[in-house]
Amino acid sequence: MVADLAYLEARHGQIASMQQLFERQRIAFRALPMPDAASRSAQLKALKAALIAHQQALISAVDSDFGRRSADETRLAELLPSVEAIRYTLRHLKRWMRPSRRRVGLAFQPGAAQVIYQPLGVVGIIVPWNYPLFLALGPLITALAAGNRVMLKMSESTPATSAALASMLSTVFPPDQVAVIEGDAEVGSAFSRLPFDHLLFTGATGIGRHVMRAAADNLTPVTLELGGKSPAIISADVPLADAAERIAFGKGLNAGQTCVAPDYVLCPAERVDGLVEALCSSFRRFYPTLLNNPDYTHIINSRQYHRLLGYLQDARERGAQVIEVNPAAEDLHGCRLLPPTLLLNVQDDMKVMQEEIFGPLLPIIPYRSLQEALDYVASRPRPLALYYFGYDRNEQQRIMQQTHAGGMCINDTLLHVAQEDLPFGGIGPSGMGHYHGHEGFLTFSKAKGVYIKQRFNGARPIYPPYGGRLLQLVYRLFIR
C-alpha cells in the first residue's frame, strides 16, 4: 500500500511538472512568436552536432531497452535519416519561410496578397517504442524548423533511450524550447489532454483513437501516424530472388517491429513455393545464426513477445503451415527472440490476419490474377505502406493508380520513409496528415493569408448605399 501511494504521488508529480513545462513553453512562445531563419538554423545545427557527439550513448540506450538491438540498425534506421533530415531542412529552410505571393483579382485592385508561414506555438509529439530516436527527432526537426516549441512524450517501454535523449537534448535546448516527458500510460493520457497547438502521435490505431478524442476537447489539430497491414504484391514475372531479398530486408529490420514493414505478401499461386524458397534463402543469408547474432534484434518486451507467440499458436490451431527460418537450429525459448517465420494456408479469421503483426511473422497469400490481388487489398482498411515487385512499367502505373496507401515503394520496402523530399503519412485507418521535409514544415506552420491595401481604396463602389451605376457596371463585368 505504501509503495502504491508513493507511485501515485510520483505520477501526480510528473503530471504537475509536465503541465508547468507546458505553461513555460507557452509563455516563451508568446515572448518570441516568430523566430528568424538564423535562430532556427542555429538550433538545427546544434541538434545535429549533439546527435553525432552522443551517438554511441544513444545506440547503447536503445540496445539496453530492447535487450539486444543491432547497432547498425540504430545507425541506419534512426541516426542516419535524422542527420539527413537536418541537412535537407537546413538547405531549404529560408525558401520555406519566405512569404508566398498570391494573385489578387481585378475586382479587388489595387491590392496585394501573400501567405506567411507562422509557427503554431507549442507542439506535442507522442513517440512510440519501436524507433524511439527517429520517431522523436523526425517531427522535432520540422517542428523546430517551423519555429515552434516542442514537448516530446517518450514511451514507457524505452526508459533508457528516453533518459539518453533527454540528456542529449538538454545540452542543446532549454526546457522552455524542447522538453522530454517520461512516464507511464496515465502520464501519456494527461499529455494528450494538454491544449497543444498541434499534436502528433505515432503508434497503434486503437491508442490513436483515444489521442484524437482527448485532443478534440481542446480542438487541437492532430497528425496521426498509425499502421495497419501493409501488403507486398509479387508480379507474375519479377525474379523471385530480387523480390525476396528486399522483402526479407524490410521484414527482418528491427525483427519486423516497424510500422511500414511488409505485413503480408500476395503472390501468384504458382509462384508461392518459389517465393518461400527465395525468402528462406535470403533470411538465412542475412541471419545465419540468431541466438548470439548482433544483427538480429530482440522483441522489445515480454508482452509483445507473448502477443506474437499467441498469433503463431492461433494460426497453427486453425491450420496454417508455419515455416521458421532458424538456420542453426538454435533453442530460442526464453530470450525474446523470434525467428523469421513464414505462414502459409492462412485464413482471414486468424489473428495474424486480423491485427497488425509488428514482428517477424510473414503470411503469404496466393492469388490467381492481379485484379484479384488488387481487390483483396481494396476490400481491407487502407494501409500505411504498399509494396509492388515487378519491372513492367505499365503494371507499375496500374498499381500506383488503383491502390490507396499512405506511401508506396516499387521494387523495394521501407526506404520511401527515408526520402526527405517525400511526405510521410497514413490514410484512413493508417493515419491522417503528413510530415517530413516541406510537408512537415507546413504541418507545423499556420499558412496565414494576408490581403494588403494601401492609401487608395478601390473598394468604395461596393460600399452602401447600394444601387449606383458603378456597382451595376461591376456586376456586368464580373458576374458573367
Side-chain angles (χ1 to χ4, degrees), residues 76-77 81 84 88 225-253 256 258-279 281-283 286 342 356-357 362-431 434-439:
L76 289 170
E84 282 298 304
Y88 179 88
E225 299 300 342
L226 307 176
K229 301 187 73 62
S230 297
I233 302 174
I234 306 293
S235 71
D237 53 7
V238 68
L240 289 176
D242 292 2
E245 180 178 58
R246 300 170 203 188
I247 292 172
F249 168 73
K251 195 62 171 178
L253 186 78
T258 305
C259 60
V260 290
D263 203 86
Y264 63 93
V265 179
L266 290 163
C267 180
E270 68 278 7
R271 308 195 81 193
V272 167
D273 290 345
L275 178 64
V276 168
E277 182 180 345
L279 283 167
S281 176
S282 293
F283 280 127
F286 291 164
L342 309 179
E356 182 179 7
I357 294 172
L362 186 62
I364 299 175
I365 300 166
Y367 70 81
R368 292 183 297 272
S369 69
L370 182 59
Q371 188 58 51
E372 181 184 0
L374 296 179
D375 290 343
Y376 186 93
V377 174
S379 67
R380 283 154 175 78
R382 291 173 172 177
L384 185 56
L386 185 145
Y387 305 113
Y388 171 73
F389 294 89
Y391 298 140
D392 183 285
R393 300 294 181 90
N394 291 327
E395 205 162 85
Q396 292 174 3
Q397 286 295 319
R398 179 182 176 189
I399 300 295
M400 284 191 283
Q401 294 172 8
Q402 294 187 17
T403 60
H404 284 84
M408 183 175 176
C409 284
I410 292 178
N411 296 311
D412 215 333
T413 60
L414 309 188
L415 296 186
H416 63 298
V417 179
Q419 311 311 308
E420 275 302 309
D421 207 22
L422 289 178
F424 179 72
I427 178 173
S430 61
H434 297 89
Y435 72 109
H436 287 200
H438 192 205
E439 278 75 15

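None of these values were measured; they are calculated from a predicted model.
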Are Phe249 and Phe283 close enough that their ring centres sit under 6.0 Å apart?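 For Phe249 and Phe283, the ring centres are not under 6.0 Å apart.
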
Close side-chain approach of [X] to [Y], heavy-atom, < 4.5 Å:
| X | Y | answer |
| --- | --- | --- |
| Asp263 | Leu362 | no |
| Val260 | Phe424 | yes |
| Ile410 | Met400 | yes |
| Gln396 | Asp392 | no |
| Leu374 | Arg398 | yes |
| Ile233 | Phe389 | no |
| Phe286 | Glu245 | yes |
| Ile234 | Leu240 | yes |

Nearest 0.5 angstrom please: [X] [atom1] to [Y] [atom2], how far?
| X | Y | atom1 | atom2 | value |
| --- | --- | --- | --- | --- |
| Leu414 | Cys409 | CG | SG | 7.0 Å |
| Glu395 | Leu370 | CD | CG | 5.0 Å |
| Asp375 | Gln402 | CG | CD | 9.0 Å |
| Cys267 | Leu275 | SG | CG | 4.5 Å |
| Leu384 | Ile427 | CG | CD1 | 10.5 Å |
| Tyr88 | His436 | OH | NE2 | 12.0 Å |

Testing the 3.5 Å rule here: is there a donor-acceptor pair between the side chains of Asn411 and Tyr387?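 There is no such pair between these side chains.
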
Tyr435-Glu225 side chain donor-acceptor pair, cut-off 3.5 Å: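 On atom types as modelled, these side chains do not qualify, holding no pair under 3.5 Å.
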
Whether [X] side chain and [Y] backbone form a donor-acceptor pair below 3.5 Å:
| X | Y | result |
| --- | --- | --- |
| Arg271 | Ala236 | yes |
| Gln419 | Leu415 | yes |
| Glu356 | Lys229 | no |
| Ser430 | Arg382 | yes |

Looking only at heavy atoms, which two atoms of [X] and [Y] are closest? And how far apart?
| X | Y | result |
| --- | --- | --- |
| Gly250 | Ala261 | O-CB, 3.8 Å |
| Cys259 | Ser230 | O-OG, 4.2 Å |
| Leu279 | Ala248 | CD2-N, 4.3 Å |
| Leu386 | Val377 | CD1-CG1, 4.0 Å |
| Tyr367 | Ser235 | OH-CA, 3.9 Å |
| Ala405 | Ala385 | CB-C, 4.1 Å |

side-chain contact (heavy atoms from CB on, under 4.5 Å), that's the test. Do Thr258 and Lys251 meet it? Break it down for me. CA-CA 8 Å; Thr258 305; Lys251 195 62 171 178; over 6 Å; no

Using a 6.0 Å distance limit plus a 45 degree cone around the ring axis, check whether Arg380 lies over the aromatic ring of Tyr376.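 Here Arg380 passes the 6.0 Å and 45° test against Tyr376.
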
Tell me if the CD atom of Glu277 is crowded by more than 12 foreign heavy atoms within 6.0 Å.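 At most 12 heavy atoms, drawn from other residues, nucleotides or ligands, come within 6.0 Å of this atom.
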
Taking everything shown except Asp273 itself, do over 12 heavy atoms lie less than 6.0 Å from its CG?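 No, because the 6.0 Å sphere around CG of Asp273 holds 12 heavy atoms or fewer from other groups.
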
